[in-house]
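One structure is given here, and the rest of the page talks about it.
Just so it is clear, the structure is predicted and the values come from calculations on it, not from any experiment. These values consider heavy atoms only, across backbone and side chains, with no hydrogens, waters or symmetry-generated copies.
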Amino acid sequence: MKLRLEAELAVQYKSPSQKVRVLTESWVAANIYCPACGIEIKKYESNRPVADFHCTRCIEEYELKSKANSVGSKIVDGAYKTMRERLVSNSVPNLFLLSYSLQDYSIIDFFTIPKHFFIISLIERRPPLSPNARRAGWVGCNILLGRIPNSGRIFYIRNKYVEPKNTVLGAWKKTLFLRDEREDLSKGWILDIMRCIDSLGKKEFNLDEIYDFEKDLSAAHPNNKHIKDKIRQQLQFLRDKGYLDFIGKGRYKLI
């Protein structure tokens with residue numbers, strides 16, 4: 001896998017955004033395989049409204065976003081209304097995220113976020129464009145990457161280190177159970193508990209440590225008056241799905 005964008009591919013373009021698009025899309029097409037099944041992905045024709053790449057075997061679709069130096073905690077996406085409609089209809093593509101160095105066009109990070117991690121609360125509405133703008137009143141959105149659990153960020157390249165292919169494919173399969181969760185509220189609870197576990201920063205933890213997030217979870221779910229019961233329910237769910245292992249006496253371990 002090459003860890004550098006080929007700058008010569010975009011010498012004929014004047015617009016910086018066009019150059020970046022050509023370079024990053026060319027790099028992904030030449031280097032990235034489908035995280036769901038492992039075969040090479042194909043680029044869609046230009047200006048397709050939904051996605052940039054697809055897998056011909058498993059039909060997964062991917063939208064590519066790139067940023068210089070660091071992806072950050074949020075990333076700009078398209079129209080807010082359209083994004084919400086896609087989430088409701090489950091037609092949103094998986095996301096590819098790429099960060100690169102402006103100095104030498106080297107790849108810093110490349111990872112994918114499976115579409116089953118996206119819920120409406122992760123989509124932030126941006127202010128409408130000003131009356132003087134070409135598309136006056138248009139409302140875009142941001143994807144709040146900081147709210148996605150660690151298991152939702154599947155790295156091919158992390159800080160210029162290439163992860164083994166079997167690691168990428170295994171990480172993808174680990175959370176496929178989320179695709180069975182159709183309701184935003186139900187999935188939101190699962191993702192919240194995943195983030196709480198991430199916050200502990202360790203592989204093994206006990207129930208009381210998750211109870212410590214009761215106040216935060218209550219603020220996120222004000223209509224639920226039985227937070228501790230819900231915490232236990234979600235931990236049992238994650239255990240049953242093979243995400244956690246119950247090791248006894250209120251202790252759990254990330255698998």
message = Is there a side-chain contact (heavy atoms from CB on, under 4.5 Å) between Glu25 and Asp52? Walk through the geometry before answering.
response = CA-CA 8 Å; Glu25 288 184 355; Asp52 302 305; 4.0 Å; yes
Could you list the donor-acceptor pairs under 3.5 angstrom formed between side-chain atoms of residues 169-182 and any protein atom two or more places apart in sequence or on another chain?
{"residue": "Lys174", "atom": "NZ", "partner": "Ile255", "partner atom": "O", "Å": "2.7"}
{"residue": "Thr175", "atom": "OG1", "partner": "His116", "partner atom": "NE2", "Å": "3.1"}
{"residue": "Arg179", "atom": "NE", "partner": "His116", "partner atom": "ND1", "Å": "2.9"}
{"residue": "Arg179", "atom": "NH1", "partner": "Glu60", "partner atom": "OE2", "Å": "2.7"}
{"residue": "Arg179", "atom": "NH2", "partner": "Glu60", "partner atom": "OE1", "Å": "3.4"}
{"residue": "Arg179", "atom": "NH2", "partner": "Glu60", "partner atom": "OE2", "Å": "3.4"}
{"residue": "Arg179", "atom": "NH2", "partner": "Asn94", "partner atom": "OD1", "Å": "3.4"}
{"residue": "Glu181", "atom": "OE1", "partner": "Ser186", "partner atom": "OG", "Å": "2.8"}

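- In summary, the side chains of Tyr105 and Glu6 do not present any donor paired with an acceptor at a separation below 3.5 Å, with no hydrogens or angles considered.
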inquiry  = Go through it in stages, so that I can follow the logic: the residues are Trp27 and Tyr100, the test is ring-ring contact (aromatic ring centres under 6.0 Å, His included), and I'd like the CA-CA distance, side-chain angles, deciding distance and then a yes or no.
reply    = CA-CA 11 Å; Trp27 182 86; Tyr100 61 93; over 10 Å; no
task = Determine, step by step, whether Phe155 and Phe111 satisfy the ring-ring contact (aromatic ring centres under 6.0 Å, His included) criterion, reporting the C-alpha distance in whole Å, the side-chain angles of both residues, the deciding distance to 0.1 Å, and the verdict.
result = CA-CA 4 Å; Phe155 282 85; Phe111 60 99; 4.7 Å; yes
message = Under the criterion side-chain contact (heavy atoms from CB on, under 4.5 Å), I'd like the reasoning laid out for Asn142 against Arg125: C-alpha separation, chi angles, the key distance, then a yes or no.
response = CA-CA 7 Å; Asn142 298 316; Arg125 185 181 187 272; over 6 Å; no
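- The cationic atom of Lys228 (NZ for Lys, CZ for Arg) lies less than 6.0 Å from the six-membered ring centre of Tyr211 and within 45° of the ring axis.
- Here the side chain of Asn69 pairs no donor or acceptor atom with the backbone of Ser101 at under 3.5 angstrom.
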request  = Check the pair His54, Tyr62 against ring-ring contact (aromatic ring centres under 6.0 Å, His included), reporting the backbone distance first and the verdict last.
outcome  = CA-CA 6 Å; His54 68 288; Tyr62 304 91; 9.4 Å; no
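- Annotation: Glu8, atom CD; neighbour count of heavy atoms from other residues, nucleotides and ligands within 6.0 Å is above 12.
- Look at Glu63 and Lys65 and you find a salt bridge, because one of the NZ, NE, NH1 or NH2 atoms lies within 4.0 Å of a carboxylate O, short of that distance.
- For the side chain to side chain contact (heavy atoms under 4.5 Å, CB included) with Leu87, the lone residue among Ile119, Ile123, Asp184 that qualifies is Ile123.
- Heavy-atom neighbours of Arg84 CZ from other residues, nucleotides or ligands within 6.0 Å: at or below the threshold of 12.
- Looking at Asp198 and Arg195, no side-chain N of the basic residue comes within less than 4.0 Å of a carboxylate O on the acidic one, giving no salt bridge.
- Cation-pi check for Lys165 over Tyr33 is met; the charged atom lies under 6.0 angstrom from the ring centroid and within 45 degrees of its normal.
- Arg239 and Tyr243 share no donor-acceptor pair across their side chains, judged by distance under 3.5 Å alone.
- For the pair Glu61 and Lys42, the salt-bridge criterion is not met [side-chain N within less than 4.0 Å of a carboxylate O].
- A side chain to side chain contact (heavy atoms under 4.5 Å, CB included) with Leu98 is found for exactly one of Val20, Leu23, Asp109, Val28, namely Val28.
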message = Run Lys202 and Glu209 through side-chain contact (heavy atoms from CB on, under 4.5 Å) and show every step you take.
response = CA-CA 11 Å; Lys202 53 187 179 181; Glu209 289 177 294; 2.5 Å; yes
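- Taking the six-membered ring where the residue is Trp, the centroids of Phe53 and Tyr44 are separated by 6.0 Å or more.
- A side-chain donor from one of Asp104 and Ser106 sits under 3.5 Å from a side-chain acceptor of the other.
- Both Ile120 and Ile75 are members of a single hydrophobic cluster when ILVMFWY side chains are connected at heavy-atom separations under 4.5 Å.
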